[in-house]
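On a predicted model such as this, the values are computed, not experimentally measured, just so you know. Only heavy atoms go into these numbers, but all of them, side chains included; no hydrogens, no water, no symmetry mates.
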Amino acid sequence: MVSISFLNPLSPEGKDIVRELGSFDGISQDIPELRRLVTRNPSQEIVADEEIPSNYLELALKRIEWYVKKKNDREFNSRRYSFLSDQAITKYDVISFYLLCQSIGVKFGPNSRETRVMVEAQGDLVQERLGKLSLQEGRLMVDQSLQLLLKGDTVHWTFFQELLSTRKIRLTELVLDQGELILNQDDFIDRFGSRIKHRNPSSMYQLLIGDELKELLMVKMIMQETEDYIKQVHEKARIMVEPNPILLELAEEVAEILAEPMQSYGYGSGRGGGPMKAGPLNSQAFPPCVKKALEGIKSGGRNDAIVLFMTPFVSYARLYPDVFRMNLSKRVSDQDPQLEITQNEILPLIYGAAQRCVPPLFEDQPQEKVNINAKLGFGMHSELKMEHEGETTWYTPMSCEKIKLHLPHLCRPDEVCKKIGNPLSYYNRMLWEVRTLKPADDSGSTTASAENSSEGVEENKVSPGKGGTTPDKPGEA
């Protein structure tokens, strides 16, 4: 029988496991039993000895590493992490969960990227583990977990206020009757059976609730409890004289793992198979539509040009230029953890283009700054704050077809435009071309130089402080 704590370490059973451990003494010592369980797992693939977690701390880091690689690495091999779905490691896994939550709460706080990743990783791991169980066993585990999480047979929708406020679940996903949550099939048929015409009530129950909604609710509630626990740890840590060094060291190692996508996975290949690295925007690689938008819109369509076109293009070109090739959705903070690049480079460039519109966009429509934040994924708020990230979606750049349809005055295609279908693809292609150009030499060959650049461009890089005025043409000498 699978332990409830294998899905929810914050259950009473999970808390008992932590109490049995007692203290941090020996937390970093090798656990031969853990290594044995990992190596004897029939599904486990081991390439190197260092891949085997030997203690609680290493197991904790493997939890985060699994999530980061699964999300970012196109060559991710799930068999290297099969042990994470082995219920035999439950007592070690529960301790590693608490270590992660405490280290993140102490070091980074509840509104950090690290907290978001930990919460999302726990949700994904619960789903992964449920998927390994038989249908009958999975249903039993979900029902038992919900009984503990819901704390009663009758649950009013206001019980989910926190889940709703953090947008982990929407009210429209729940089935309610007079404000009460309906999950049980018999209860559903008693309340709604007489109202359902020409359909089988049992079939309607499976369609509207069934296993899917129960599992979703359980996963989201565990995620919310994880987030709440990290918040509690953070609040207690504020009155502590000095946090345990083990937790601080673990937190630093978590941060290193989260930085790895920027170096290893975040960008795929540029033209010719070369790596596409994040870096300052290069104005020489901008497509004609972007250059025209940077000059400022002198006619209609200011809002769409700045909010719907420029905001996604500039943010993805700077932070995640390979989004279409990688085909992996991310958030801004995955690429810019402290939001420094977004605040100091991306927004000033967008604001500069908005200021050069006629009339300046924000003078008569200041609310568009909020809409820009929303398109970056930070909800309808006047400031970019980590706790708001995920309330909206980070919009991807418009395709050339959409630009022709909605912003035809921006579309002035050149020869390169004929070969691509999105301004970001243009930028990636031309960025590779620009980077392969040789500097001027004695033979008289030339490339674009800082002396020939417009205001806002320095050594072919966009200067965020000046808002990025009209860039040079690609290859102009």
Side-chain angles (χ1 to χ4, degrees), residues 266-271 276-297 301-336 341-342 345-354 357 361 368-369 371-378 384 389-390 392-414 416-434 462 464 467-468 470-471 474:
Y267 306 96
S269 300
R271 187 179 175 189
M276 181 68 71
K277 299 283 187 179
L281 290 167
N282 192 321
S283 63
Q284 283 193 304
F286 286 162
C289 52
V290 172
K291 294 179 182 181
K292 191 166 183 63
L294 280 169
E295 295 173 359
I297 305 302
R302 291 178 304 157
N303 308 61
D304 286 352
I306 299 302
V307 178
L308 298 181
F309 171 61
M310 282 295 291
T311 298
F313 174 83
V314 172
S315 57
Y316 275 95
R318 177 61 181 90
L319 297 175
Y320 189 18
D322 233 8
V323 56
F324 296 125
R325 185 184 179 100
M326 293 293 290
N327 196 29
L328 294 166
S329 61
K330 294 178 181 287
R331 295 184 181 183
V332 166
S333 65
D334 289 329
Q335 308 301 94
D336 182 16
I341 296 173
T342 306
E345 298 182 37
I346 293 170
L347 287 179
L349 188 62
I350 297 168
Y351 289 174
C357 290
L361 179 61
E368 292 297 5
K369 285 190 175 182
N371 289 329
I372 287 171
N373 291 346
K375 297 303 177 286
L376 291 171
F378 290 86
L384 295 184
E389 191 174 27
T392 50
T393 301
W394 183 15
Y395 270 43
T396 50
M398 297 174 71
S399 67
C400 294
E401 288 301 316
K402 285 188 176 180
I403 295 170
K404 290 176 185 177
L405 181 64
H406 300 291
L407 298 166
H409 53 290
L410 288 182
C411 190
R412 298 293 183 267
D414 61 13
V416 177
C417 293
K418 299 175 183 179
K419 305 173 185 176
I420 53 92
N422 191 286
L424 188 61
S425 301
Y426 183 111
Y427 179 74
N428 289 338
R429 173 187 288 262
M430 291 305 297
L431 190 61
W432 187 87
E433 298 277 2
V434 169
V462 174
T470 311

*Is there a side-chain contact (heavy atoms from CB on, under 4.5 Å) between Y351 and K369 once you walk through the steps?*
CA-CA 8 Å; Y351 289 174; K369 285 190 175 182; 4.1 Å; yes
Is there a donor-acceptor contact under 3.5 Å from the side chain of [X] to the main chain of [Y]?
X: Y316; Y: W394; result: yes
X: D304; Y: L407; result: no
X: S315; Y: T311; result: yes
X: E389; Y: R331; result: no
X: N422; Y: M398; result: yes

Closest approach of [X] and [Y], non-hydrogen atoms and distance?
X: P408; Y: L405; result: CD-O, 4.1 Å
X: I403; Y: C411; result: CG2-CB, 4.4 Å
X: P348; Y: T342; result: CD-O, 4.2 Å
X: I306; Y: A354; result: CD1-N, 3.9 Å

*Are M310 and V290 close enough, and set up right, to give a side-chain contact (heavy atoms from CB on, under 4.5 Å), and what steps lead you there?*
CA-CA 7 Å; M310 282 295 291; V290 172; 4.2 Å; yes
Spatial distance of atom [atom1] ([X]) from atom [atom2] ([Y]) [nearest 0.5 Å]:
X: C357; Y: N303; atom1: SG; atom2: CG; value: 8.5 Å
X: L361; Y: E368; atom1: CG; atom2: CD; value: 5.5 Å
X: Y426; Y: F286; atom1: OH; atom2: CZ; value: 11.5 Å
X: C400; Y: K418; atom1: SG; atom2: NZ; value: 13.0 Å
X: I420; Y: S399; atom1: CD1; atom2: OG; value: 10.0 Å
X: L281; Y: R318; atom1: CG; atom2: CZ; value: 6.5 Å

[X] vs [Y] side-chain heavy atoms within contact, under 4.5 Å:
X: I297; Y: H409; value: yes
X: Y427; Y: P397; value: no
X: P288; Y: P413; value: no

_Run the side-chain contact (heavy atoms from CB on, under 4.5 Å) test on V332 and I341 for me, step by step, so that the C-alpha distance in whole Å, both residues' side-chain angles and the decisive distance to 0.1 Å come before the verdict._
CA-CA 10 Å; V332 166; I341 296 173; over 6 Å; no
_More than 12 heavy atoms of other groups within 6.0 Å of K292 NZ_ = no
*With sequence neighbours excluded, what pairs up with K402 under the salt bridge (Lys or Arg N to Asp or Glu O under 4.0 Å) test?*
none
*Do N371 and L308 pass the side-chain contact (heavy atoms from CB on, under 4.5 Å) test, and can you show the C-alpha distance, the side-chain angles, and the key distance before you say yes or no?*
CA-CA 9 Å; N371 289 329; L308 298 181; over 6 Å; no
